[in-house]
Number of protein chains: 2
Amino acid sequence: MIDPLDLTALIERNRPRFRTATEFVEAAMREAILSGALPGGAPLRQEELATAFGVSRMPVREALRQLEARALVEFNPHRGAVVAEISAGDSADIGAIRAALEPAALRLSLPRLSAADFALAEELIAEMDAEPDPGRMGELNRRFHMTLYARAGRPRLLALVEQHLAAADRYLRFQFAALGYHPRSQDEHHALLAACRAGDADAACGAVVDHVMAAEEQLTAFLGGRRG
Amino acid sequence: MIDPLDLTALIERNRPRFRTATEFVEAAMREAILSGALPGGAPLRQEELATAFGVSRMPVREALRQLEARALVEFNPHRGAVVAEISAGDSADIGAIRAALEPAALRLSLPRLSAADFALAEELIAEMDAEPDPGRMGELNRRFHMTLYARAGRPRLLALVEQHLAAADRYLRFQFAALGYHPRSQDEHHALLAACRAGDADAACGAVVDHVMAAEEQLTAFLGGRRG
DNA sequence: CACGCATATATTGGATCCAATATCCACGCA
DNA sequence: TGCGTGGATATTGGATCCAATATATGCGTG
């Protein structure tokens with residue numbers, strides 16, 4: 001049973017931003033899943049969600065289908081949808097994808113990055129140092145990475161990267177809550193930015209891969225390595 | 001207006017394979033889009049599709065939402081959905097993604113490939129030589145690649161790879177129809193398989209990247225390079 | 001007392017209905 | 001004659017209703 005109060009905060013706040021109820025429900029539920037408000041395995045009763053969002057079951061159904069295509073929820077015919085579980089195996093999967101995509105995006109973007117981009121990235125690192133909330137923290141981390149990739153000029157690639165950065169957030173929140181923030185990650189952010197500023201594509205890509213892999217290893221160890 | 005006869009072939013053939021109408025419609029429409037039966041830009045009228053599939057508008061709507069999340073169709077609120085357009089820019093986008101993901105999948109899979117896997121890959125190459133139909137051709141090409149990646153043991157990564165192999169098919173069909181099949185591609189398949197058999201991961205990954213990039217360059221040139 | 005079967009209930013899947021919005025066309029006016 | 005406005009029409013978005021299926025409960029029987 002989902003506590004209605006947990007969701008009411010997310011709901012109705014940015015309702016008017018969306019043109020259709022389906023859009024609204026999809027965005028709110030994605031946010032809820034990625035932020036951990038809806039934990040892995042949580043059953044998603046359509047009627048319950050519909051009343052929580054103040055709509056009928058139909059926008060909920062369409063939103064659930066979209067989230068299914070993004071692997072955030074899983075459907076079982078006639079049995080309902082549940083929030084996709086997190087696991088060590090899935091974390092490794094996401095890590096492998098990030099380690100492949102992010103250097104590719106960076107390599108395309110790097111030559112076109114401007115001084116303003118570097119300044120923004122620097123500022124985001126500083127904000128991360130001061131941010132205690134894990135949720136905002138993940139958001140800042142995502143924006144830092146995306147700032148460096150943004151000039152790649154490949155919308156599809158960037159959408160994939162952002163999607164998997166967000167997916168990784170679900171896991172990083174775990175790590176953050178359990179171990180506190182790892183200062184090594186900030187060192188890696190600085191190193192990455194320095195390599196970018198120097199225009200050294202190979203070093204920058206290496207830094208990204210190391211960064212992703214390090215976080216991934218930490219996580220796999222933390223999650224107990226139940227699966228490869 | 002969609003010619004109903006174009007779709008009727010796809011419809012009702014494997015209808016019983018699916019447990020829900022939504023699953024069925026989603027699979028059929030994805031197939032239709034990827035195979036080119038529904039070309040880019042084609043308007044997707046819900047009522048029309050519903051009668052074509054012999055269902056109500058609802059499964060169609062849910063299927064369209066799933067396809068939207070996979071970037072195969074585009075929605076405009078209150079204006080309807082259209083099949084996602086193909087373009088030189090999008091082709092380059094897909095090429096960049098493939099060039100990043102496929103070597104990663106291959107590197108994970110390569111050490112675990114068996115003699116049977118190599119034999120299957122070899123057979124698929126041979127079948128490609130004899131296949132005149134572009135549709136079946138793409139299918140064989142996809143299976144060849146996926147055979148080499150299958151042992152990666154990363155379901156999420158493999159799903160992404162397969163998804164973008166399929167997306168690339170939409171473009172390769174173009175190339176095939178206009179230029180005929182390029183024998184160079186088969187040479188590259190042989191070289192790739194040889195490197196895999198030799199267990200040379202670096203060479204194999206290099207071969208994949210070259211293969212993807214070569215096809216991509218051909219395509220970009222053919223599509224006129226309207227966009228980067 | 002355990003197991004299997006039948007029935008009851010809850011929940012999803014699918015169809016139909018109504019409302020909201022966009023497009024199209026005609027008409028009037030400058 | 002060209003442009004803008006207003007209404008008619010088509011199509012989507014959302015709500016409600018019905019059917020199909022899965023789970024749970026309880027009964028009977030071995």
Side-chain angles (χ1 to χ4, degrees), chain A residues 1-4 7 11-12 14-30 33 38 41-84, chain B residues 1-4 7 11-12 14-30 33 38 41-84:
Chain A
M1 167 92 177
I2 301 161
D3 181 358
L7 292 175
I11 300 172
E12 299 302 336
N14 18 16
R15 170 68 189 266
R17 291 205 304 119
F18 300 96
R19 289 165 301 183
T20 70
T22 300
E23 268 183 38
F24 163 61
V25 173
E26 195 268 341
M29 288 193 59
R30 181 174 50 196
I33 293 172
L38 288 173
L44 298 167
R45 297 270 157 272
Q46 297 176 1
E47 194 76 43
E48 196 172 341
L49 291 166
T51 58
F53 284 107
V55 296
S56 80
R57 269 177 53 212
M58 168 130 344
V60 173
R61 281 166 67 172
E62 290 190 351
L64 286 174
R65 287 297 179 184
Q66 284 178 293
L67 295 170
E68 183 199 20
R70 290 186 187 283
L72 289 175
V73 313
E74 287 167 15
F75 265 79
N76 301 75
H78 293 280
R79 288 182 47 191
V82 297
V83 179
Chain B
M1 167 89 178
I2 301 159
D3 182 357
L7 292 175
I11 300 172
E12 300 300 337
N14 18 17
R15 170 66 188 266
R17 291 205 303 121
F18 299 96
R19 287 165 302 181
T20 69
T22 300
E23 268 183 38
F24 163 61
V25 173
E26 196 268 342
M29 287 193 59
R30 181 174 50 198
I33 292 172
L38 288 173
L44 299 167
R45 298 268 155 272
Q46 296 176 0
E47 194 77 44
E48 196 173 339
L49 291 166
T51 58
F53 284 107
V55 297
S56 81
R57 267 177 54 210
M58 169 133 340
V60 174
R61 281 166 67 172
E62 290 191 350
L64 286 174
R65 287 295 179 185
Q66 285 179 292
L67 296 170
E68 183 198 20
R70 291 187 188 280
L72 288 175
V73 313
E74 287 166 15
F75 265 78
N76 301 75
H78 294 281
R79 288 182 47 191
V82 297
V83 178

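Keep in mind that what you see is a predicted model, and the values were worked out from it rather than measured.
- B/Gln46 CD to B/Thr51 OG1: the interatomic distance, rounded to the nearest 0.5 Å, is 12.0 Å.
- In this entry the distance linking CG of B/Asn76 with C1' of D/dG13 reads 14 Å, nearest Å.
- The distance between atom CD of B/Gln46 and atom P of C/dT16, rounded to the nearest whole Å, is 15 Å.
- Phosphate proximity of C/dT23 to B/Arg79: present, with a side-chain N or O under 4.0 Å from OP1 or OP2.
- We find that CD of A/Gln66 is positioned 11 Å from P of D/dG13, with the value rounded to whole Å.
- Residue A/Arg61 places no side-chain atom within donor-acceptor reach of the base of D/dG14, judged by atom type and a 3.5 Å distance cut-off alone.
- Regarding A/Phe53, its CZ atom lies at a distance of 13 Å from the P atom of D/dA15, rounded to whole Å.
- When the side-chain nitrogen and oxygen atoms of B/Thr20 are compared with OP1 and OP2 of C/dT12, none of them lie within a distance under 4.0 Å.
- A sub-4.0 Å separation between OP1 or OP2 of D/dG13 and a side-chain N or O of A/Thr22 is absent.
- Rounded to an integer number of Å, the gap from A/Glu74 CD to C/dT12 C1' is 17 Å.
- Listed here is the closest heavy atom pair of B/Ala69 and A/Gln66: CB-O, 3.7 Å.
- A/Leu38 CG to A/Leu44 CG: the interatomic distance, rounded to the nearest 0.5 Å, is 6.0 Å.
- In this structure, B/Arg19 is not positioned above the aromatic face of B/Phe24 in the sense of NZ or CZ being under 6.0 Å from the six-membered ring centre and within 45° of the axis.
- For C/dT12, the OP1/OP2 oxygens have a side-chain nitrogen or oxygen of A/Arg45 closer than 4.0 Å.
- Residue order along DNA chain D, read from the 5' end via each residue's closest nucleotide, puts A/Pro59 first among A/Pro59 and A/His78.
- A/Arg57 places its CZ atom 18 Å from the P atom of C/dC17, with the value rounded to the nearest Å.
- You'll find that the side chain of B/Met58 is closest to C/dA15, out of C/dG13, C/dA15, C/dT21.
- The residue from A/Glu62, A/Glu23, A/Glu26 that alone fulfils the salt bridge (Lys or Arg N to Asp or Glu O under 4.0 Å) condition with B/Arg65 is A/Glu62.
- Between the CD atom of A/Glu26 and the P atom of D/dG13 there is a distance of 14 Å, given to the nearest Å.
- Atom CD of B/Glu62 is separated from atom P of C/dG13 by 7 Å (rounded to the nearest Å).
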